[in-house]
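Below: one structure, written as structure tokens.
Whatever order the structure lists ligands and atoms in, that order sets their numbers, starting from 1. All figures in this text were calculated on a predicted structure; none of them were measured in a lab. Below, each value reflects all heavy atoms present in this structure, side chains not excepted, and no hydrogens, waters or symmetry copies.
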Amino acid sequence: MFILGSCSAESREQVLLTARQIKEACVNTPFIFRAGAWKPRTSPDTFQGHGEKALEWLAEAKQTYCIDIATEVATPEHVSAALKAGIDYLWIGARTSANPIATQAIADALKNADCKGVLIKNPVSEDPALWIGNIERLEKTGLPIYAIHRGCNHQPCWSMAHTIRTARPDIPLLIDPSHMSGDAAKIQSLLSKAAELHYNGAMIEVHPNPAEALSDAKQQITPNQLPNFILPILDNTPTFNEVELEWLRAEIDELDDRLWATIAARMDVSERIGVWKKAHGVQPLQPQRFEQILAQRQKWAALNNLPPEFVQQLFHLIHRESLNRQQ
Ligand code: PEP
Ligand code: MN
């Protein structure tokens with residue numbers, strides 16, 4: 001299942017042009033066309049979407065190109081406007097997915113709805129139980145439900161997605177590499193990873209001219225990039241059967257990535273301490289402080305079942321690099 005289209009519906013011309021170019025690029029690959037009408041932006045001074053007017057442009061693209069259409073809904077009013085406009089798939093965005101009251105209101109508005117399905121993104125914070133709870137709320141509508149892994153803070157959360165996959169293997173799982181990375185250059189490798197993990201599809205942001213996009217400009221790819229991104233995945237259906245091992249390795253990759261990021265952030269603070277020490281004539285090495293924090297780290301490590309010798313060695317390495325930064 002591929003859901004392709006721009007972050008926002010920017011104008012009638014932009015919506016129709018995007019749909020046409022994707023259709024031409026995808027040739028025989030069916031896709032659902034996406035564009036956001038109401039944009040949950042961080043700042044009130046950025047483009048917020050064209051609202052109901054945008055739904056008319058999506059409906060025109062549906063008619064003109066015989067494609068299914070999808071948009072994000074965040075309130076019951078959005079749901080009724082979207083259903084009236086003939087939107088086939090509705091998705092609940094990461095910010096709405098963080099709020100069970102908002103999600104329940106959408107579920108209530110979707111009772112007896114005539115549409116093809118509801119897609120639920122993971123919440124903005126890493127909370128697999130909340131994501132599953134949202135799936136359960138929406139399932140009560142009787143509509144087909146899909147989960148979209150869009151990550152948190154521009155990082156994949158493979159462990160959260162693995163939890164969903166294990167708890168609900170019956171729910172199709174899609175990847176949204178665009179919001180997961182915030183970077184068009186990272187999309188291809190995330191799609192390959194998703195193929196290895198047997199994801200059931202992808203939502204990808206596509207714009208005829210990403211640099212000019214009114215939202216999420218850095219992460220959108222062009223329609224003519226699509227065949228390169230999608231076809232290898234379709235052609236090379238993974239034969240590797242040990243998907244569980246792949247998931248566990250993805251979790252390790254994620255944790256190592258966080259480990260390096262944490263160590264790098266620690267070194268930055270160390271350097272700032274070094275600047276302070278220099279300004280106040282304090283030596284980089286303070287043996288008493290070192291012994292004190294080593295003992296405390298070993299206590300923390302014991303609470304996590306890590307052997308004291310291992311922690312001591314690791315901490316010495318980190319501390320040595322910290323001192324280097326303070327020279
Ligand atoms: C979107 O799909 O354009 C969007 C706003 O996504 P998310 O809710 O994942 O940020
Ligand atoms: Mn977007």
Side-chain angles (χ1 to χ4, degrees), residues 1-10 14-15 18-19 22 31-44 46-51 54-55 57-58 68-75 78-79 82 87-100 102-103 106 117-128 130-131 134-135 138 146-157 160-161 164 173-184 186-187 190-191 194 199 201-223:
M1 182 181 203
F2 287 107
I3 304 171
L4 311 170
S6 51
C7 180
S8 310
E10 299 176 358
Q14 182 266 349
V15 168
T18 310
I22 294 175
F31 68 96
I32 297 161
F33 181 61
R34 67 151 276 163
W38 299 277
K39 298 306 302 176
R41 306 301 300 284
T42 303
S43 160
T46 53
F47 175 60
Q48 308 288 302
H50 288 291
L55 301 178
W57 306 332
L58 274 161
D68 283 346
I69 50 174
T71 205
E72 173 172 349
V73 289
T75 67
H78 293 172
V79 171
I87 300 288
D88 300 288
Y89 293 87
L90 293 82
W91 84 80
I92 297 180
R95 288 155 195 82
T96 309
S97 181
N99 178 347
T103 308
I106 292 171
V118 186
L119 305 114
I120 307 158
K121 295 214 189 187
N122 68 259
V124 266
S125 61
E126 195 172 344
D127 191 341
L130 183 56
W131 195 8
N134 286 342
I135 291 169
L138 269 299
Y146 305 79
I148 305 182
H149 174 206
R150 52 85 73 204
C152 302
N153 300 321
H154 284 165
Q155 299 287 341
C157 290
M160 174 165 58
I164 301 299
L173 179 63
L174 280 71
I175 189 168
D176 170 352
S178 312
H179 294 92
M180 182 178 283
S181 64
D183 181 353
K186 296 187 179 154
I187 288 171
L190 286 168
L191 285 172
Y199 273 65
M203 173 185 265
I204 310 170
E205 285 192 342
V206 186
H207 192 286
N209 186 358
E212 301 281 303
L214 297 182
S215 56
D216 286 346
K218 289 200 190 106
Q219 69 195 35
Q220 305 205 55
I221 62 168
T222 57

Criterion side-chain contact (heavy atoms from CB on, under 4.5 Å) against Thr103, the qualifying member of Ile120, Leu130, Asn134: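 Exactly one pass, corresponding to Asn134.
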If you measure from [atom1] on [X] to [atom2] on [Y], what distance do you get to the nearest 0.5 Å?
X	Y	atom1	atom2	result
Ile32	Tyr89	CD1	OH	4.5 Å
Asn122	Met160	CG	CE	3.5 Å
Met180	Cys152	CE	SG	9.0 Å

Flag the pair [X] / [Y] as yes when at least one side-chain heavy-atom distance between them is below 4.5 Å, and no otherwise.
X	Y	answer
Leu191	Ile204	yes
Phe31	Ile22	yes
Phe47	Arg41	yes

Ring pair (Phe, Tyr, Trp, His ring centres under 6.0 Å) with Trp57: which residues, sequence neighbours excluded?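 Expected list: His50.
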Sequence neighbours excluded and cut-off under 3.5 Å, please list the side-chain donor-acceptor pairs for residues 211-219, or say none.
residue : atom : partner : partner atom : Å
Ser215  : OG   : Ser8    : OG           : 2.4
Asp216  : OD2  : His179  : NE2          : 3.0
Asp216  : OD2  : Gln219  : NE2          : 3.0
Gln219  : NE2  : His179  : NE2          : 3.2
Gln219  : NE2  : Glu205  : OE1          : 2.8

Under a 4.0 Å heavy-atom cut-off, which residues neighbour ligand 1?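 Within 4.0 Å of ligand 1, the protein residues are Cys7, Arg34, Lys39, Glu72, Trp91, Gly93, Ala94, Arg95, Lys121, Arg150, His179, Glu205.
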Strictly under 2.8 Å of the Mn ion (ligand 2): which protein N/O/S atoms qualify?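 Sorted hits: Cys7 SG, His179 NE2, Glu205 OE2, Asp216 OD2.
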